[in-house]
Number of protein chains: 2
Amino acid sequence: MSAVAEAAGVSRATVSRVFHGSTPVAESTRDAVFAASERLGYVPNVMARVLAARTSDIIGLLLRGPTNPAYGLLFGELQENVSRLGLQMVVVAPSRAEGANFERQALNRLLGLRVGGMFVATGVIRADMLEPFLDKVPVVIIGRPESHPRIYSVSYDEDDNAYQLADAVAGQGHRGVAVVTPAGGNSATEHRRALAMTARLREHGVRVHPVAAPTFGAQEEGAREVIELHRAGHVTAAMFPADLRVLAFMPYLREAGLRTPEDLSVTGCDGILPGIDMIGFTTVRIPVEQAAQRAAEVMKTLLDGSTEIRHERLHGTLLPGRTLGPPPR
Amino acid sequence: MSAVAEAAGVSRATVSRVFHGSTPVAESTRDAVFAASERLGYVPNVMARVLAARTSDIIGLLLRGPTNPAYGLLFGELQENVSRLGLQMVVVAPSRAEGANFERQALNRLLGLRVGGMFVATGVIRADMLEPFLDKVPVVIIGRPESHPRIYSVSYDEDDNAYQLADAVAGQGHRGVAVVTPAGGNSATEHRRALAMTARLREHGVRVHPVAAPTFGAQEEGAREVIELHRAGHVTAAMFPADLRVLAFMPYLREAGLRTPEDLSVTGCDGILPGIDMIGFTTVRIPVEQAAQRAAEVMKTLLDGSTEIRHERLHGTLLPGRTLGPPPR
DNA sequence: CTGAAAGCGCTAACAA
DNA sequence: TTGTTAGCGCTTTCAG
């Protein structure tokens, strides 16, 4: 910076002003500074800037499982929206290699960077873990229903998603349906979806057979039970709380010599997977793009001093596919 | 920090030592410091630390298109490997909203953070753009063939991938094949794959019909031409340089009333998409996990002072699927 | 509109 | 093993 200042024949303070200053700078000086920094290849040191300014326009994203296409999409969309608003974004992902409280580690990594705001898109960090930082950093939780009175959240209306699917299944005339139901501790979202599906189906007078799917990460959990239920003539359709689960289920179906929807209808949820339309899943598409946009907008207002806290819920849209048909006669 | 120091009855330097110091600290003092910082909720300021130490163990990842599942997977795997080696990682993604040279912007964001090392996983940043920083920061390019004498790279052997697929297609007895060939400026990788496929097919004595696919992002580019070529009886198979392109092609195929592989065989490349096996694409699976592992290991040695530069190429494995069969008679 | 000077929170010799 | 003392590169009053 001193080099640039010297080359441009001004003080360091002026260089600073040219780059970020609120104070006006003479056109000529500005040009001189830009020219000099260009020539010298000057890249401002963000660390020093943040340290001195005690504030940062870098906002952090705590992202669970970038491997999951739904999170990948969220990342991409947030990035677009955030930079459209003139903010910067860096991302950290928790890693199991970081030990027991690995999500905590990732959170600290972000906090250590003294980000100016935080997006939290992970199921496991609990709201009260964030509490100590609320005074220092605006936080927006994305994708997970949250009702903390001091934390803004933008999430999906999972109940509505489930209802849409349940209505579609019931509407086809199915009277016995398997609902794969993951434990709450593993995926709050999937758990909730499954419960909502079950409730709605019952309202329709459908006989529901819940299938437990306790293990985290084992997407095929419950597959055999579903097949059994079908064999025994108890169900003509199976509802899964996530597309990836349907995907994992298909080989079992094929192995059992069954076809969908002729023998058994199946539905998923998410609608994000590229090619989902090709495979033809009946599913609900969650509005990731919209969530990203809202989250970015909200962050902006929060950074601008707003203190209004809301918990927004976005609606998904039913994606009719060929895996849902009427029950076999 | 001063607060902690005071509470623990030591100097700030000692607090610093307890947290990161190479110098030994008495057990008792260490405990006192930890106790105090726990009580006061002290989170070290990474910015200040980096500024003072002039070095950082945070390594940055410049990631193109997190929306693409292949990049998402790379992100996830890198994160695991990196933290297993005791390093931290932050990620930035270029955003088109950042204007013309948006990749440049993202690069600067990373440089501004004064990361201790950089992974570059994006097709567009040219090696010579990185040159000015090579002295300051070790750089590892991932996924893109690179031969810069000062930049380490870990990439996929795209020629070999293409050969495997071409051999499989030729082996089925196809004598006329369409190869969708994107322009080099858009995706160097896909361009290279297409050229290699073409060359290999020709070695097998196959008649190749290149189909230009100039537009970036329009995955369905070339679809109609392929259909035409088939209609005219020129080709019995179509090779695409990426799975996503195959995916985009399928609706056209269906619309034309054609089936695969009975009427037309198709192959892709990447093998990353969840459900790819279900769809049954014939493709090559690129070894993302292995690339991530190597990249992390290499980064570690580079940070430890190694200066050895190599350009590693990893082999993919053929994923036979049901979209490739013998030509119709 | 611009310069001087005082830090931001921390590390790294150098002494003790 | 610990404290003292300079900074790291930048921002921000406060005067001019």
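Naming convention: chains lettered A, B, ... in sequence-line order (proteins, then strands); numbering from 1 in each chain.
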Inset, instruction - Take B:Thr29 and A:Met47, find for each the nucleotide of DNA chain D with the closest heavy atom, and name the residue whose nucleotide sits nearer the 5' end. - result: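 Looking at DNA chain D, the more 5' nearest nucleotide goes with B:Thr29.
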Inset, instruction - Give one of base, sugar-phosphate or nothing for A:Tyr42, where a contact means two heavy atoms less than 4.0 Å apart. - result: sugar-phosphate
Legend entry - Euclidean distance, atom CE of residue A:Met1 to atom C1' of C:dG3 [Å, nearest integer]: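 A:Met1 atom CE is separated from C:dG3 atom C1' by 13 Å.
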Inset, instruction - Could you grab the distance from atom CZ of A:Arg64 to atom OH of A:Tyr71, nearest 0.5 Å is fine? - result: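 Reported value, rounded in 0.5 Å steps: 5.5 Å.
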Legend entry - Sole residue of A:Gln293, A:Met299, A:Lys300 in side chain to side chain contact (heavy atoms under 4.5 Å, CB included) with A:Glu297: A:Gln293
Inset, instruction - Select from B:Thr14 and B:Ala52 the residue whose nearest nucleotide in DNA chain D is closer to the 5' end of that strand. - result: B:Thr14
Legend entry - Sugar-phosphate, base or nothing in reach of A:Val50, heavy atoms under 4.0 Å: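 Nothing, no heavy atom under 4.0 Å.
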Legend entry - Within-4.5 Å side-chain heavy-atom neighbours: A:Ile272 and A:Ile286: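 In contact.
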Inset, instruction - Rounded off to whole Å, could you give me the CZ-to-P distance for the B:Arg12 and C:dG9 pair? - result: 10 Å
Inset, instruction - Please confirm whether B:Phe119 and B:Phe75 have ring centers closer than 6.0 angstrom. - result: no
Inset, instruction - Give a yes or no answer on whether the side chain of B:Ser37 reaches the backbone of B:Val33 with a donor-acceptor pair at less than 3.5 Å. - result: yes
Inset, instruction - Name the nucleic acid region contacted by B:Val15, choosing base, sugar-phosphate or nothing; use a 4.0 angstrom heavy-atom cut-off, strictly under. - result: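 Counting heavy atoms under 4.0 Å across all strands, no contact is made by B:Val15.
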Legend entry - Positional range of nucleotides in DNA chain D within the contact set of chain A, heavy-atom, under 4.0 Å: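 So the contact region on DNA chain D extends D:dG9 to D:dT13.
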Inset, instruction - Start with the C-alpha distance between A:Arg294 and A:Glu312, add both sets of side-chain angles, then the distance that settles salt bridge (charged side-chain N to carboxylate O under 4.0 Å, His left out), and finish with yes or no. - result: CA-CA 9 Å; A:Arg294 280 303 299 147; A:Glu312 306 186 14; 2.6 Å; yes
Legend entry - Value in whole Å for how far the C1' atom of C:dA5 lies from CZ of A:Arg17: 12 Å
Inset, instruction - Measure the distance from CG on B:Leu51 to P on C:dA12 and round it to the nearest whole Å. - result: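 Spelled out: CG on B:Leu51 to P on C:dA12 is 12 Å.
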Inset, instruction - Using a 4.0 Å heavy-atom cut-off across all strands, classify B:Ala26 as base, sugar-phosphate, or nothing. - result: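 Result for B:Ala26 = sugar-phosphate.
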Inset, instruction - Under 4.0 Å between any heavy atoms, over every strand shown, what does B:Ser2 touch: base, sugar-phosphate, or nothing? Just pick one. - result: nothing
Inset, instruction - Taking the side chain as every heavy atom from C-beta outward, state whether B:Tyr156 and B:Gln290 have any atom pair closer than 4.5 Å. - result: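 Contact flag for B:Tyr156/B:Gln290 side chains = no.
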